[in-house]
Amino acid sequence: MRSAIAIAQSALKTDDVPVGALIVDSENNIISTGYNEREAHQDPTAHAEIVAIRRAAQKLGTWRLDGCKLVVTLEPCAMCAGAIAQSRIDTLIFGAWDEKAGAVGSVWDVLRDPRAIHKMEVVGGVLEAECAELLTNFFRQQ
């Protein structure tokens, strides 16, 4: 998670919300990273998770990210939760909870819904205070 927090800092240079993500393979090697790039590219889908998933799929040459873990500093939204499920990631680890738009336990629980086709492990609240502080400081400055 500390690496994801460091990655999130990169979003600040383009005034994007500082959310960072990384994907590791089954041997815990980082295979991709991403941070929010919505402002940088004027792309509403350029969330940190989506950027990292796209890069991992490109690197591995497959959209199926079986055996991979996604680590992200903020609870994924509904769009990102859907992309995570569709990519077949095995484990999601996130930091801060998102009480306004979180889709992995706060507002919705897309990934652990009993009707979900793909089942995965979800671990939330990892280094929650540090992840939340990064976001709080960003929005305070806005």
When you group the ILVMFWY residues by side-chain heavy-atom contacts below 4.5 Å and let the links chain together, are [Y] and [X] in the same group?
X: L92; Y: W97; result: yes
X: L12; Y: F139; result: yes
X: I7; Y: I93; result: yes
X: V123; Y: L111; result: no

Side chains of residues 77-87: which donor-acceptor partners sit under 3.5 Å, not counting sequence neighbours?
{"residue": "S87", "atom": "OG", "partner": "A83", "partner atom": "O", "Å": "3.3"}
{"residue": "S87", "atom": "OG", "partner": "I84", "partner atom": "O", "Å": "2.9"}

[X] and its side-chain contact (heavy atoms from CB on, under 4.5 Å) partner, picked from [options]:
X: F94; options: V122, L74, V19; value: V122
X: L70; options: L22, I23, D90, L65; value: I23
X: E27; options: I31, V24, D25; value: D25

- Message: Please evaluate residues R115 and D113 with respect to the criterion salt bridge (Lys or Arg N to Asp or Glu O under 4.0 Å), reporting the C-alpha separation (whole Å), side-chain torsions for both, the decisive distance (0.1 Å), and the verdict.
- Response: CA-CA 5 Å; R115 297 165 293 184; D113 187 299; 2.6 Å; yes
Answer yes or no: is there a donor N or O on one side and an acceptor on the other, between the side chain of [X] and the main chain of [Y], under 3.5 Å?
X: S32; Y: A52; answer: yes
X: T73; Y: G20; answer: yes
X: N36; Y: D16; answer: no
X: E75; Y: G124; answer: no

Could you tell me which non-hydrogen atom of [X] sits nearest to which non-hydrogen atom of [Y], and how far apart they are?
X: D98; Y: V107; result: O-CG2, 4.3 Å
X: C131; Y: G95; result: SG-CA, 3.8 Å
X: F138; Y: D15; result: CZ-O, 3.8 Å
X: P76; Y: V104; result: CD-CG2, 3.8 Å
X: M1; Y: V71; result: CE-CG1, 3.7 Å
X: A96; Y: A132; result: CB-N, 3.8 Å

- Candidate pair Y35 and Q9, rule side-chain contact (heavy atoms from CB on, under 4.5 Å), full reasoning: CA-CA 8 Å; Y35 54 87; Q9 303 279 347; over 6 Å; no
- Message: For a salt bridge (Lys or Arg N to Asp or Glu O under 4.0 Å) check, start with the C-alpha distance between E37 and R54, then their side-chain angles and the critical distance, and finish with the verdict.
- Response: CA-CA 13 Å; E37 297 181 13; R54 286 177 179 154; over 6 Å; no
- E39 atom CD: more than 12 heavy-atom contacts under 6.0 Å: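 Result for CD/E39: enclosed.
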- Could you give me the CA-CA distance, side-chain angles and deciding distance for H41 and T14, then say whether side-chain contact (heavy atoms from CB on, under 4.5 Å) is met? CA-CA 9 Å; H41 301 295; T14 57; over 6 Å; no
- Atom CG of D66 and atom CG of L60: how far apart are they, to the nearest 0.5 Å?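 So the CG of D66 and the CG of L60 are separated by 10.0 Å.
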- How would you list all residue pairs meeting side-chain hydrogen bond (donor to acceptor under 3.5 Å, both in side chains) that involve residues 117-141, not counting sequence neighbours?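 Of all non-adjacent pairs touching residues 117-141, those that pass side-chain hydrogen bond (donor to acceptor under 3.5 Å, both in side chains) are R2-E130, N137-R140.
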